[in-house]
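Only one structure is covered here, and it is reproduced in the block below.
Please read all numbers here as calculations on a predicted model, not as lab measurements. Quick note on labels: first sequence line is chain A, next is B, and so on, each numbered from 1.
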Amino acid sequence: MPELAEVEHARRQWNVGLGAAVREVLIARPEIRVFRGTDVAALRRRLPGRVLSRSEANGKQMLFHFEPLPGKGEKTRLWLGVHLGMRGDLRVETTADFQPGKHDHLVLRQDGGRALVFEDQRHFGRILFHEGAEPPAWWTRLAPSVLSAEFTRDGLADFLQRRRRSPLKAALLMQEKFPGVGNWMADEILWRARLHPATPAGAVAADKRRLTELFQQIRWVAQTASEVISDNWTYPPTWLFLHRWEPGGFCPRRGCGAALERATIGGRTTCWCPRCQGKVES
DNA sequence: CTATTTGTTTATCC
DNA sequence: AGGATAAACAAATA
């Protein structure tokens with residue numbers, strides 16, 4: 001589930017808790033992988049009493065800000081990082097007697113019976129915790145969003161040239177350049193740009209026309225997915241996304257309808273249209 | 001029982 | 001040295 005747009009949607013689920021203090025932190029299994037590298041004891045000890053003041057997301061990473069304690073000179077904020085991994089999600093429970101389920105690994109109880117819940121069935125997600133006046137390095141070092149002005153066509157060309165021997169599919173999954181792009185978004189982008197996922201990245205770096213097409217489709221898919229998810233989660237039937245896991249799915253492009261192909265490329269199951277994205281160009 | 005899954009990190013190989 | 005690739009991780013589902 002969680003790629004760029006779904007992560008943004010998950011972040012907003014906790015908005016109802018903005019401006020309210022945490023009363024209790026529930027962590028049933030601090031030893032699981034989700035908390036690797038995190039000081040769970042500090043999290044439990046420091047978060048109660050703190051007000052959730054804002055949140056932001058970049059790609060698949062989220063950052064929740066907790067205000068300094070009232071009092072002069074106090075500058076220390078608490079920062080909670082959340083990554084959803086493969087199947088994680090954020091939600092809110094509003095029943096006063098809510099008890100965490102098997103996969104509810106972090107629960108922040110607030111007043112009024114509200115609970116902010118992080119769930120993750122597969123434990124591939126991650127909770128990070130930081131205390132200080134400034135946001136943590138794992139947040140500030142993230143690559144700029146593909147929707148930001150810092151993501152440019154020339155920057156894309158440089159990256160693809162450096163990764164020239166990687167298949168395009170593998171390159172698009174690299175968070176150091178395309179934060180938030182995951183398996184289905186990468187396939188959607190390549191399908192729209194009419195580029196075979198196994199094409200070496202260097203072939204696009206050296207071709208202005210295909211480079212421009214790829215650049216624009218990265219932006220378009222990221223932007224449009226965000227709008228669709230904000231609206232009603234209904235992707236138009238012209239998205240490859242809706243057909244990729246149908247048994248014997250067909251290319252949704254007007255006038256095409258060819259049988260979709262699937263194979264492992266860049267270590268992940270990849271789906272493409274052999275007619276629209278026919279040959280590997282190098 | 002086997003194979004699969006919208007992700008990242010680590011080890012190993014080139 | 002830097003980059004490409006496969007395995008590992010965990011748990012549910014088909």
Among A:Q121, A:H123, A:R33, which residue meets the side chain to side chain contact (heavy atoms under 4.5 Å, CB included) test with A:H105? A:H123

Sugar-phosphate, base or nothing in reach of A:G267, heavy atoms under 4.0 Å: nothing

Flag, side chain of A:Q223 to backbone of A:L147, donor-acceptor distance under 3.5 Å: no

Integer-rounded Å distance: B:dT9 C1' and A:R33 CZ: 7 Å

Separation of A:R164 atom CZ from C:dG3 atom C1', in whole Å? 10 Å

Residue A:H123, side-chain heavy atoms: nucleotide from C:dA11, C:dG3, B:dT6 that is nearest: C:dA11

For A:T212 and A:R153, does a side-chain donor sit closer than 3.5 Å to a side-chain acceptor? yes

Under the rule of Watson-Crick or G-U wobble with both distances under 3.5 Å, where | means paired to another strand and [ ] a crossing pair, DNA chain B maps to .||||.||||||||

Is the distance from OP1 or OP2 of B:dT4 to the nearest side-chain N or O of A:T269 less than 4.0 Å? no

Looking at B:dT6, does its base get a donor-acceptor pair with the side chain of A:R268 below 3.5 Å? no

Is A:F124 stacked on the base of C:dC9, with ring centres under 5.5 Å apart and planes under 30° apart? yes

Do the numbers put A:R122 on top of the ring of A:F124, so that NZ or CZ is under 6.0 Å from the six-membered ring centre and no more than 45° off the axis? yes

Would you call A:E56 and A:R11 a salt bridge, using N to O less than 4.0 angstrom? no

Euclidean distance, atom CG of residue A:D120 to atom C1' of C:dA11 [Å, nearest integer]: 10 Å

From CZ of A:F35 across to P of B:dT9 the rounded distance in Å is 17 Å

Between A:L173 (CG) and B:dT8 (C1'), how many Å, whole number? 11 Å

B:dT6 versus C:dA4 - spacing of their C1' atoms, nearest Å: 23 Å

Looking at A:E134, I'd like to know if its CD atom is crowded, meaning that more than 12 non-hydrogen atoms belonging to other residues, nucleotides or ligands lie closer than 6.0 Å. no

Counting only heavy atoms not in A:R36 (residues, nucleotides, ligands), do more than 12 fall under 6.0 Å from its CZ? yes

Would you tabulate the pairs of protein nitrogen or oxygen atoms and nucleotide nitrogen or oxygen atoms of nucleotides 12-14 of chain C closer than 3.5 angstrom?
from: C:dA12; atom 1: OP1; to: A:K102; atom 2: NZ; distance (Å): 2.6
from: C:dA12; atom 1: OP1; to: A:H103; atom 2: NE2; distance (Å): 3.3

In whole angstroms, how far is the P atom of B:dC14 from the CZ atom of A:R165? 11 Å

Atom pair distance, as rounded to whole Å: CZ in A:R122 and C1' in B:dT6: 10 Å

How long is the span from the CZ atom in A:F118 to the CD1 atom in A:I27, to the nearest 0.5 Å? 10.5 Å

Can you measure A:E119 atom CD to C:dA11 atom C1' for me and round it to whole angstrom units? 14 Å

Would the A:W14 and A:F64 ring centres measure less than 6.0 Å apart? yes

